[in-house]
Amino acid sequence: MTAAKPVPDTTFEPVPDEFLLAGNWKHGAGPATSVIDPATGSELQRVGHATVEDVDAAISAGAAAAADPAWRGLLPHQRAAYLHRIGAAIEGAAPRLALLQSYNTGKTVAETSALVASAANTFRYFAAVLETSDEDLTTSRGPYLTMSVHEPIGVIGAITPWNSPIASDAQKIAPALAAGNAVVLKPAEWTPLVSLALARIIDESGLPSGLLSVLPGRGSVVGDAIVKHPGVGKVSFTGGTTTGRALAHAAAEKLMPISLELGGKSPTIVLADADVEQAVNGVLYGIFSSSGQSCVAGSRLFVDAAIYEEFLDRLVAKARALRVGPGREPGVQVGPLVHHRHRDAVAEYVELARAEGGRIRCGGAVPDDPLLADGAYYLPTVIDGLANEARVCQEEIFGPVLVTLPFHGEADLIAQADDTVYGLAAGIWTRDYRRAWRLARTLQAGTVWINTYKQFSISTPFGGVKESGLSVEKGRTGIRAYSRQKSIYLGMDDAPIAWADS
């Protein structure tokens with residue numbers, strides 16, 4: 001007789017209402033955020049905000065810790081050991097972190113488990129990169145030896161979004177620490193819980209005091225103070241394009257480098273020869289996983305006119321069958337949106353589509369299930385009948401809303417797909433890899449998936465073009481984004497420079 005599998009405990013456990021300020025845990029003196037469970041609409045707990053004075057203290061302590069020879073003077077393999085320990089500690093706390101993020105963001109536990117694993121692997125990856133990165137001995141062009149070396153910037157300001165907090169946190173903290181910096185992190189106001197839990201894990205791993213502070217609060221207060229502080233040498237931000245543009249202006253005033261991962265309105269392209277079943281499933285995953293709350297969501301679907309109606313019918317049938325419910329329930333595919341205010345903003349876009357003449361092929365409403373009535377749910381929605389110039393085809397909705405358009409030939413496809421201010425990602429479904437390669441090289445996007453979608457590797461650089469961002473994260477060069485490059489010349493000529501004797 002096979003023993004029954006234990007039922008996992010899905011009880012919410014609050015995190016302590018304290019934040020990490022340079023090695024010390026402190027209660028927020030600023031106004032508190034009511035953290036909501038989007039699956040039920042109920043309050044999970046309250047989290048006190050940091051103040052501008054806390055930001056100043058964190059940055060001052062971070063600058064001192066980053067400059068301390070006990071950290072700055074570590075050899076690469078010694079610094080890497082800290083990152084390995086953090087990765088192992090995250091892995092050890094994975095079930096708790098995954099459930100916590102599901103409660104706070106509404107994502108399914110399957111997805112949050114993958115995000116936690118990604119965070120652990122991010123620390124491990126950058127530990128490995130740190131141990132294997134070489135400085136450059138540049139080509140000699142005179143009686144000297146020349147080297148190009150990379151040094152820490154000092155204090156890094158990191159601002160992360162609400163849709164994937166722990167993965168975004170790790171993608172900024174790990175390479176910044178690997179490069180020898182201190183980090184002051186501001187998590188999104190709606191989703192601070194998993195970032196605070198991560199801070200405690202990192203603090204307990206033995207990272208030297210002062211190298212990490214995690215300060216919850218409003219972007220207009222805490223985030224603004226971090227960006228404008230003269231002690232911050234670089235900011236890395238993931239979030240909306242409007243906020244990113246404002247931060248870029250602030251960085252320009254300081255002549256400070258900044259990395260921006262911003263919004264998207266990514267095209268997914270289905271050519272006439274595509275494997276239809278594979279493409280339908282991939283398109284559904286690309287837009288409706290994470291309830292569409294992803295910067296790379298495939299929110300614009302372009303289908304060859306020759307197969308448009310048949311493909312759309314199959315897509316809509318499968319979209320209607322997706323299971324909507326709390327992310328903590330087994331088998332759920334589409335969880336609630338992160339907050340009721342955001343759900344309402346998504347619904348407004350669908351009403352706009354109706355007003356513009358769009359046809360709602362499925363969804364377009366909140367679920368009628370009384371068990372979901374209090375949550376921030378919105379049904380997977382497919383809209384067609386609009387021109388590419390319509391607002392819902394051009395503006396980032398950041399929800400489970402897909403707009404579909406036919407195309408007639410490759411020139412028409414490229415013209416429509418690139419007709420957007422964004423350039424973050426794109427997807428192509430076809431059996432013709434020569435054509436796929438040609439399209440991938442032509443599309444204005446930082447990442448292109450061919451016969452897959454939303455697959456990520458920490459070893460592969462990620463970034464956008466146009467209004468989707470500046471700079472890249474991840475990959476072996478990810479550490480370099482948090483470093484200053486310096487050239488060193490070593491004179492090799494025994495004779496003095498002849499200038500003074502001429």
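Position 1 is the first residue of the sequence; numbering continues from there.
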For Tyr103, is the NZ or CZ atom of Arg328 found under 6.0 angstrom from the centre of its six-membered ring and inside 45 degrees of the ring axis? yes
Thinking salt bridges, do Arg124 and Glu91 make one under a 4.0 Å N-O criterion? yes
Can Glu189 and Arg218 be counted as an ion pair, charged N to O under 4.0 angstrom? yes
Is the closest basic N to carboxylate O distance between Glu151 and Lys486 below 4.0 Å? yes
Can a side-chain donor-acceptor contact be found between Thr404 and Tyr308 if the only test is distance below 3.5 angstrom? yes
Can you find a side-chain donor-acceptor pair between Thr122 and Gln171 that sits under 3.5 Å? no
Residues at least two apart in sequence or cross-chain that pass side chain to side chain donor-acceptor pair (under 3.5 Å) with Ser457, listed by chain then number, are Ser459
Write out all pairs satisfying ring-ring contact (aromatic ring centres under 6.0 Å, His included) with one or both partners inside residues 389-411, taking only residues at least two apart or from two chains. Trp162-Phe398
Distance under 6.0 Å and angle within 45° of the ring axis: does Lys466 meet both against Tyr422? no
Can you see whether Ser236 engages Lys172 through a side-chain donor-acceptor pair at a distance of less than 3.5 angstrom? yes
Hey, do the aromatic rings of Trp449 and Phe456 have their centres closer than 6.0 Å? yes
Taking distance alone, no hydrogens or angles, what donor-acceptor pairs closer than 3.5 Å link side-chain atoms of residues 267-280 to residues at least two apart or in another chain?
| unit_1 | atom_1 | unit_2 | atom_2 | d |
| --- | --- | --- | --- | --- |
| Asp273 | OD1 | Thr430 | OG1 | 2.7 |
| Asp273 | OD2 | Thr430 | OG1 | 3.1 |
| Asp273 | OD2 | Arg431 | N | 3.4 |
| Asp273 | OD2 | Asp432 | N | 3.3 |
| Asp275 | OD1 | Glu277 | N | 3.2 |
| Asp275 | OD1 | Gln278 | N | 3.0 |
| Glu277 | OE1 | Arg314 | NH2 | 2.8 |
| Glu277 | OE2 | Lys318 | NZ | 2.7 |

Tightest non-hydrogen contact, residues Ala250 and Val227, listed as CB-CG1, 3.7 Å
